[in-house]
K.L.:
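Shown below is the structure under consideration.
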Protein chains: 2
Amino acid sequence: MKYNSKMPSPGLFSKDDTELFAAMCKALGHPARVMIINYLKKIDRCFCGDIVELLPLAQSTVSQHLKSLKQAGLIKGEVEGPKTCYCLDKPRLEKFILMVEALGRSIQP
Amino acid sequence: MKYNSKMPSPGLFSKDDTELFAAMCKALGHPARVMIINYLKKIDRCFCGDIVELLPLAQSTVSQHLKSLKQAGLIKGEVEGPKTCYCLDKPRLEKFILMVEALGRSIQP
DNA sequence: CCAAATAATCGTTAATCTACGATAAACGAT
DNA sequence: ATCGTTTATCGTAGATTAACGATTATTTGG
């Protein structure tokens, strides 16, 4: 979507924050990727192969999902020999939580 | 993605919650839809036409985005004469926030 | 050095998404 | 009853996504 001058202030987020937030949500917008995040939260760190065992998906597909999550900044991966070890990017996740709370809290239910 | 018996417990969420959460994230995975939610949070309720003025998108496109958000349960829309009035589905948003917090909190940073 | 293991990338296919204009449907006002 | 307003839906084109197998690159162990 391209912005133009008709859009002074779309809401509570800046444009950058809107883009960032949408990108993070998009990365979480697939069950496999939600499971990966959940799994990483549970076990802290793991290799790509562990996730391939966990999910009913081909290795190449899992690798793609990991790439999406990494590009959105939600996880980090570092090469350890022939393997790659993934873990959550905790500061980034924290920022995501804060944005969700900003979006939703102080709503009177 | 289809699940199979190799997947006993994907993480902290049930399968249903995983699906629900992914669907809500997916709905928020576009800047226009984030802006709509933000706008609705700011002004509480508005008509489709207001959002068409706000965003640099055609009316039919805005209507589609509203449909996505409604299908994900994040907003509600009710017909008022020839117009449709949209507002946040606050209980649903609250659930979303709780899920995000469950996903990310109690991480030691 | 070579073989095995691991993960990323490439190429491809099918499906979904995003955007638009055009049209249809619903309603209020004249 | 008809017209104008508003919104939803339809049809479509182009881009992106999700999935796979095959291939490649890298590294470790023998």
Side-chain angles (χ1 to χ4, degrees), chain A residues 1-4 6-7 10 18-19 21-37 39-40 45-72 74-87, chain B residues 1-4 6-7 10 18-19 21-37 39-40 45-72 74-87:
Chain A
M1 188 183 58
K2 60 179 184 304
Y3 303 95
N4 65 13
K6 277 204 310 180
M7 289 179 47
T18 298
E19 296 283 350
F21 183 70
M24 290 197 277
C25 284
K26 188 173 181 178
L28 289 171
H30 190 289
R33 294 193 290 266
V34 173
M35 288 184 204
I36 291 171
I37 295 290
Y39 184 61
L40 281 175
R45 39 196 281 113
C46 72
F47 300 112
C48 173
D50 300 326
I51 298 169
V52 173
E53 274 184 58
L54 189 75
L55 299 179
L57 295 172
Q59 177 268 323
S60 56
T61 306
V62 170
S63 190
Q64 275 190 149
H65 284 306
L66 289 168
K67 189 177 180 181
S68 301
L69 289 169
K70 200 163 65 168
Q71 280 176 338
L74 295 170
I75 66 173
K76 290 178 296 185
E78 66 179 305
V79 176
E80 289 185 11
K83 303 186 175 185
T84 305
C85 188
Y86 287 96
C87 62
Chain B
M1 188 183 60
K2 59 179 186 303
Y3 301 97
N4 64 14
K6 277 204 311 179
M7 289 179 47
T18 299
E19 296 283 352
F21 183 71
M24 290 197 277
C25 284
K26 188 172 181 178
L28 289 171
H30 190 288
R33 296 193 289 266
V34 173
M35 288 184 205
I36 291 171
I37 295 290
Y39 184 61
L40 280 175
R45 39 197 280 112
C46 71
F47 299 112
C48 172
D50 300 326
I51 298 169
V52 173
E53 275 184 57
L54 189 75
L55 300 179
L57 294 172
Q59 178 270 325
S60 56
T61 306
V62 170
S63 190
Q64 277 190 146
H65 283 306
L66 288 168
K67 189 178 180 182
S68 301
L69 289 169
K70 200 163 66 168
Q71 280 176 338
L74 296 170
I75 66 173
K76 290 179 296 187
E78 66 179 304
V79 176
E80 290 184 10
K83 302 186 175 186
T84 304
C85 187
Y86 287 97
C87 63

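Just so we're clear, the structure is a prediction, and the values are computed from it rather than from any experiment. Letters A, B, ... mirror the listed sequences (proteins, then strands); counts begin at 1.
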K.L.:
Please examine the side chains of A:L55 and A:I36, heavy atoms only from C-beta on, and report whether any two atoms are closer than 4.5 Å.
P.N.:
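Touching, per the 4.5 Å side-chain cut-off.
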K.L.:
Mind checking the CE-CD spacing from A:M24 to A:Q71? Nearest 0.5 Å is all I need.
P.N.:
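The distance works out to 14.5 Å.
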K.L.:
Quickly work out the B:E80 CD to C:dA29 P distance and round it to whole Å.
P.N.:
14 Å
K.L.:
Separation of B:Q59 atom CD from C:dT18 atom P, in whole Å?
P.N.:
17 Å
K.L.:
Using the closest heavy atom to pick a nucleotide of DNA chain C for each, name whichever of A:Q64 or A:C85 lands nearer the 5' end.
P.N.:
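By nearest-heavy-atom nucleotide position, the 5'-most residue is A:C85.
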K.L.:
If only side-chain N and O atoms of A:Y86 are considered, is one of them under 4.0 Å from the OP1 or OP2 phosphate oxygen of C:dA8?
P.N.:
yes
K.L.:
Taking for each residue the nucleotide of DNA chain D with the nearest heavy atom, is it B:K67 or A:A58 whose nucleotide lies nearer the 5' end?
P.N.:
B:K67
K.L.:
So, taking the atom named CE in B:M1 and the one named CG in A:L57, what distance separates them when rounded to the nearest 0.5 Å?
P.N.:
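One gets 5.5 Å once the value is rounded to the nearest 0.5 Å.
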K.L.:
Could you tell me the separation between the CG atom of A:L55 and the C1' atom of C:dA7, rounded to a whole number of Å?
P.N.:
15 Å
K.L.:
How would you give the extent of chain A contacts on DNA chain D, as first and last nucleotide 5' to 3' within a 4.0 Å heavy-atom cut-off?
P.N.:
D:dT17 to D:dT28
K.L.:
Over how many whole Å does the gap from B:L66 atom CG to C:dC17 atom P extend?
P.N.:
16 Å
K.L.:
Identify each donor-acceptor pair in which a side-chain atom of residues 76-87 of chain B lies under 3.5 Å from a protein atom, sequence neighbours left out, and give them as a table.
P.N.:
| unit_1 | atom_1 | unit_2 | atom_2 | d |
| --- | --- | --- | --- | --- |
| B:E80 | OE2 | B:R45 | NH2 | 3.0 |

K.L.:
When all nucleic acid strands are considered with a 4.0 Å heavy-atom cut-off, which category describes A:T61: base, sugar-phosphate, or nothing?
P.N.:
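Base contact - A:T61 has a heavy atom under 4.0 Å of at least one base atom.
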K.L.:
Between P on C:dA15 and NZ on B:K26, what's the gap in Å once rounded to a whole number?
P.N.:
14 Å
K.L.:
Enter the distance from A:L66:CG to A:Q59:CD here, rounded to the nearest 0.5 Å.
P.N.:
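So the CG of A:L66 and the CD of A:Q59 are separated by 9.5 Å.
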K.L.:
C:dA8, OP1 or OP2 - any side-chain N/O from A:T84 closer than 4.0 Å?
P.N.:
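So the side-chain polar atoms of A:T84 do come within 4.0 Å of the phosphate oxygens OP1 or OP2 of C:dA8, strictly under.
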K.L.:
Any chance you could measure B:K70, atom NZ, to B:S63, atom OG, to the nearest 0.5 Å?
P.N.:
8.5 Å
K.L.:
Could you tell me whether the side chain of A:H65 reaches within less than 4.5 Å of the side chain of A:T61, counting heavy atoms only?
P.N.:
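A:T61 reaches A:H65 side chain to side chain.
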K.L.:
Heavy atoms under 4.0 Å, any strand shown: does A:L57 hit a base, just sugar-phosphate, or nothing?
P.N.:
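Result for A:L57 = sugar-phosphate.
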K.L.:
Whole Å only: how far is the NE2 atom of B:H65 from the C1' atom of C:dC20?
P.N.:
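Whole-Å distance recorded here is 12 Å.
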K.L.:
Write down the distance between CD (B:E78) and P (C:dA26), rounded to a whole number of angstrom.
P.N.:
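To the nearest whole Å, that distance equals 18 Å.
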